[in-house]
**Q** 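My questions all concern the structure below.
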Amino acid sequence: MNSLEQIEKLKADTIKKSQKARLDKAGVDSLLRQRERLKAGLYIKHRPDNTQGDAEMKAKADEDLSDLDKKIDTAEMTSGKSWAELEAHRIHIDLLRSYHSTKREELKQGI
């Protein structure tokens with residue numbers, strides 16, 4: 001594989017990893033927005049028969065909210081792994097750049 005093919009492959013890999021990381025992050029953000037809407041809806045549901053504090057606590061203790069929190073935890077783990085993979089890929093590119101630069105200098109010096 002020549003240098004241009006390697007660069008194009010790295011570019012394609014970077015695009016894929018970047019897109020996956022952004023989509024995973026967007027998924028987490030979407031779940032967090034859903035959580036806030038659900039929490040507000042649950043509060044409104046419990047408020048007529050309870051004090052403000054009791055309605056808030058009942059909303060927070062609701063099973064639907066707990067289930068959504070589990071989905072958020074899973075999505076955050078997935079998102080974290082995607083970002084870690086993207087960061088590792090970027091470090092790999094930097095290391096390759098350094099390696100090729102060093103090799104080029106060694107060839108110039110006849111080492």
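Both backbone and side-chain heavy atoms feed into the values below; hydrogens, waters and symmetry mates do not.
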**Q** Answer yes if Leu38 and Leu32 sit in the same cluster of Ile, Leu, Val, Met, Phe, Trp and Tyr residues linked by side chain heavy atoms under 4.5 Å apart, and no otherwise.
**A** yes

**Q** Measure the spacing between NE2 of His89 and NZ of Lys17 and express it to the nearest 0.5 Å.
**A** 6.0 Å

**Q** Closest heavy-atom contact between His46 and Asp62?
**A** NE2-OD2, 4.4 Å

**Q** Do Leu42 and Lys58 make a side-chain contact, defined as non-hydrogen atoms from C-beta onward lying under 4.5 Å apart?
**A** no

**Q** Quick one: pull up CG in Leu86 and CG in Asp13 and give me the separation to the nearest 0.5 Å.
**A** 11.0 Å

**Q** Name all residues meeting the side chain to side chain donor-acceptor pair (under 3.5 Å) criterion together with Lys16; count only those two or more places apart in sequence or in a different chain, and write none if there are none.
**A** none

**Q** Side-chain contact test, heavy atoms from C-beta onward, threshold under 4.5 Å: evaluate it for Trp83 versus Arg22 and give yes or no.
**A** yes

**Q** Would Thr78 and Val28 count as a side chain to side chain contact (heavy atoms under 4.5 Å, CB included) if you check the C-alpha gap in whole Å, the side-chain angles of each, and the deciding distance to 0.1 Å?
**A** CA-CA 9 Å; Thr78 301; Val28 170; over 6 Å; no

**Q** In Å, rounded to the nearest 0.5 Å, how long is the span from CG of Leu31 to CD1 of Ile72?
**A** 5.5 Å

**Q** In terms of heavy-atom contacts, does CD of Glu63 have more than 12 from other residues, nucleotides or ligands at under 6.0 Å?
**A** no

**Q** Does a side-chain N-to-carboxylate-O contact under 4.0 Å join Arg33 and Glu36?
**A** no

**Q** Output the distance between atom OG1 (Thr14) and atom CD1 (Ile93), rounded to the nearest 0.5 Å.
**A** 3.5 Å

**Q** So Lys60 and Ser66, do their side chains get closer than 4.5 Å, heavy atoms only?
**A** no

**Q** Nearest 0.5 Å, please: how far is CG in Leu107 from NE2 in His100?
**A** 11.5 Å

**Q** Under a 4.0 Å threshold between the charged nitrogen and the carboxylate oxygen, would Asp73 count as salt-bridged to Lys70?
**A** no

**Q** Is the closest side-chain heavy-atom distance between Arg37 and Gln34 below 4.5 Å?
**A** yes

**Q** Walk me through whether Lys25 and Asp29 qualify under side chain to side chain contact (heavy atoms under 4.5 Å, CB included).
**A** CA-CA 6 Å; Lys25 174 70 169 110; Asp29 292 344; 2.8 Å; yes

**Q** Would you say Ser30's side chain and Ala26's backbone share a donor-acceptor pair under 3.5 angstrom?
**A** no

**Q** With side chains defined as the heavy atoms from C-beta onward, is the minimum distance between His92 and Leu96 less than 4.5 Å?
**A** yes

**Q** Rounded at 0.5 Å granularity, tell me how far OH in Tyr43 sits from CG in Asp54.
**A** 10.5 Å

**Q** Under a plain distance cut-off of 3.5 Å, with no hydrogens placed, do Lys20 and Ser82 share a side-chain donor-acceptor pair?
**A** yes

